[in-house]
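What follows is a set of notes on a single structure, which appears directly below.
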Amino acid sequence: MSLTDQQLAKLEKVQLDASWKVGLSDFLLSQKMDELKAFLVQEKQADKVIYPPSSLIFNALNITPLSQVKVVIIGQDPYHGPNQAHGLSFSVQQGVAVPPSLRNIFHELQTDLGVPVSKHGDLTKWAEQGVLLLNSVLTVEAGQPTSHQKRGWEDFTNHVIDVLNEQRENIVFILWGAYAQRKGQRIDPNKHLVLKAAHPSPLAANRGGFFGCKVFSKTNNYLKQHGIEPINWQLDA
């Protein structure tokens with residue numbers, strides 16, 4: 001679409017990778033985005049602590065440009081504890097204890113591909129290889145899980161999925177749990193591989209359906225079948 005000087009100036013202020021800025025421009029310029037930004041400003045003016053920090057809200061999209069996405073792992077909300085969230089689903093910053101869901105992910109990865117369990121929970125290395133670690137909601141109030149749901153982020157991340165679905169082919173979408181699987185209804189299974197399993201949280205995983213799902217080997221096999229470099233899932237050197 002053709003943009004006015006005013007719209008271009010508005011987009012210029014968004015701290016987002018250029019490829020995503022183009023792909024998501026219609027949403028970024030929409031009233032829904034204006035309302036979402038107004039909500040976040042209001043929360044900060046009320047002296048509420050918001051995670052992740054502003055500079056890391058779009059971290060997943062900034063590390064993994066649109067053209068480089070090979071895999072999408074959909075999470076729900078950022079972690080709501082201090083120093084945990086840094087804009088990548090399921091990932092925590094170095095030096096922070098590995099959360100239970102991520103420990104289960106590492107256990108499945110070891111069982112599936114023999115990858116040693118990582119000593120840390122920073123998944124940046126995955127993101128740099130084309131794994132888009134996308135939470136459905138990109139911000140949260142400290143200590144208040146799900147506090148920023150239904151404020152507009154779901155619409156934004158739906159748009160991210162729509163852009164990937166329409167503009168790219170042969171992406172692997174990993175959908176753990178009912179929440180992610182509902183979001184996955186937007187994906188064309190004839191163009192992409194959709195892998196579903198139970199959520200890796202202890203409560204869900206221990207009921208069955210997560211351990212043994214082998215999503216990591218299935219992902220790499222699919223990528224190789226389509227001439228795409230597989231993911232090196234090992235985090236530690």
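Because only heavy atoms are used, hydrogens play no part in the values below, and waters and symmetry mates are left out as well, while side chains stay in. If you read the sequence from its start, that first residue is 1, and numbering goes on from there.
In this structure, the side chain of Gln94 does not engage the main chain of Gly121 through any donor-acceptor pair within 3.5 Å. With hydrogens and angles ignored, the 3.5 Å screen pairs no side-chain donor or acceptor of Gln68 with any backbone N or O of Pro65. The backbone N or O of Ser55 sits nowhere less than 3.5 Å from a side-chain atom of Gln15 that would complete a donor-acceptor pair. Between the Tyr79 side chain and the Ser89 main chain, no donor and acceptor come within less than 3.5 Å of each other. His226 contributes a side-chain N or O that, together with a main-chain N or O of Tyr222, makes up a donor-acceptor pair within less than 3.5 Å. Without hydrogens or angle criteria, Asp112 side chain to Ser217 main chain gives a donor-acceptor distance under 3.5 Å. Remark: the backbone N or O of Cys213 is paired with a side-chain donor or acceptor of Lys218 at under 3.5 angstrom. Put simply, the side chain of Thr139 never gets that close to the backbone of Ile50: no donor and acceptor are under 3.5 Å apart. A donor-acceptor pair is defined here as one N or O able to donate and one able to accept, closer than 3.5 Å; such a pair exists between the side chain of Arg168 and the backbone of Val69.
In Asp5, the CG atom is not crowded: 12 or fewer heavy atoms of neighbouring residues, nucleotides or ligands sit closer than 6.0 Å. Within a 6.0 Å radius of NZ in Lys21, other residues, nucleotides and ligands contribute more than 12 heavy atoms. Other residues, nucleotides and ligands contribute over 12 non-hydrogen atoms within 6.0 Å of the CD atom of Glu35.
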* Asked: Hey, mind stepping through Ser54 and Lys44 against side chain to side chain donor-acceptor pair (under 3.5 Å) and telling me if it holds?
  -> CA-CA 11 Å; Ser54 297; Lys44 289 178 181 178; 2.3 Å; yes
* To do: Just do the side chain to side chain contact (heavy atoms under 4.5 Å, CB included) check on Leu132 and Val160 with the steps written out, would you?
  => CA-CA 11 Å; Leu132 181 63; Val160 171; 4.2 Å; yes
* **Test side chain to side chain contact (heavy atoms under 4.5 Å, CB included) applied to Glu229 and Leu223, step by step** => CA-CA 7 Å; Glu229 183 75 20; Leu223 294 175; over 6 Å; no
* To do: Begin with the C-alpha distance, continue with both residues' side-chain angles, and end with the deciding distance and a verdict on side chain to side chain contact (heavy atoms under 4.5 Å, CB included) for Gln84 and Tyr51.
  => CA-CA 8 Å; Gln84 289 182 303; Tyr51 296 134; over 6 Å; no
* Dump the intermediate steps for side chain to side chain contact (heavy atoms under 4.5 Å, CB included) on Ile161 and Ile187, then the final yes or no. => CA-CA 7 Å; Ile161 293 170; Ile187 302 159; 3.9 Å; yes
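Considering only heavy atoms from C-beta on, His80 stays 4.5 Å or farther from Glu141 through its side chain. The side-chain heavy atoms of His107 and Val117, taken from C-beta on, include no pair separated by under 4.5 Å. Taking the side chain as every heavy atom from C-beta outward, Val137 and Glu154 approach each other to under 4.5 Å. Residues Leu40 and His148 have side chains in contact (heavy-atom distance under 4.5 Å, counting atoms from C-beta outward). No side-chain heavy atom of Val215 sits under 4.5 Å from any side-chain heavy atom of Val172. You'll find the side chain of Asn62 reaches within 4.5 Å of the side chain of Leu16, heavy atoms only. Using a 4.5 Å heavy-atom threshold, the side chains of Ser67 and Ser19 count as separate. Asn135 is not listed as a side-chain neighbour of Trp153, based on a closest heavy-atom distance of 4.5 Å or more.
Ring centroids of His199 and Tyr179 are separated by 6.0 Å or more, keeping the two rings apart. No close placement of the Trp20 and Phe58 rings is indicated, their centers lying 6.0 Å or farther apart. Phe27 has its ring centre less than 6.0 Å from the ring centre of Phe156.
In this structure, Val98 is a member of the same hydrophobic cluster as Leu109, with clusters built from ILVMFWY side-chain heavy atoms closer than 4.5 Å. No continuous path of ILVMFWY side-chain contacts below 4.5 Å connects Val194 to Val131, so the two sit in separate hydrophobic clusters. Hydrophobic clustering, with ILVMFWY side chains joined whenever heavy atoms are under 4.5 angstrom apart, keeps Leu88 apart from Leu175. Linking Ile, Leu, Val, Met, Phe, Trp and Tyr residues whenever their side-chain heavy atoms come within less than 4.5 Å places Val14 and Leu8 in a single cluster. Grouping the Ile, Leu, Val, Met, Phe, Trp and Tyr side chains by contacts below 4.5 angstrom, directly or via other members, places Leu195 apart from Val72.
Atoms CG and CG, from Asp162 and Leu164 in turn, are 9.0 Å apart once rounded to the nearest 0.5 Å. Interatomic distance, His86 NE2 to Leu123 CG, rounded to the nearest 0.5 Å: 6.5 Å. Of the inter-residue distances, the one linking His120 atom NE2 with Leu102 atom CG reads 10.0 Å to the nearest 0.5 angstrom. Separating the CG atom in Leu28 from the CG atom in Leu36 is a distance of 10.5 Å, to the nearest 0.5 Å. For the atom pair CG of Leu235 and NZ of Lys125, the computed distance is 6.5 Å after rounding to the nearest 0.5 Å. Atom CD1 in Ile228 sits 8.5 Å away from atom CD1 in Ile171 (nearest 0.5 Å).
Closest heavy-atom contact between Ala85 and Pro78: CB-CB, 3.9 Å. Here the closest non-hydrogen pair linking Phe210 and Ala198 is CD1-O, 3.3 Å. Of all heavy-atom pairs spanning Leu138 and Pro52, the tightest one is O-CD, 3.3 Å. Of all heavy-atom pairs between Gln129 and Pro230, the closest is OE1-O, 4.4 Å. For the residue pair Ser147 and Val140, the shortest heavy atom distance occurs at OG-CG2, 3.5 Å. Residues Trp126 and Trp233 approach most closely at NE1-O, 2.8 Å, considering heavy atoms.
Defined by atom type and a distance below 3.5 Å, a donor-acceptor pair is present between the side-chain atoms of Gln149 and Asp77.
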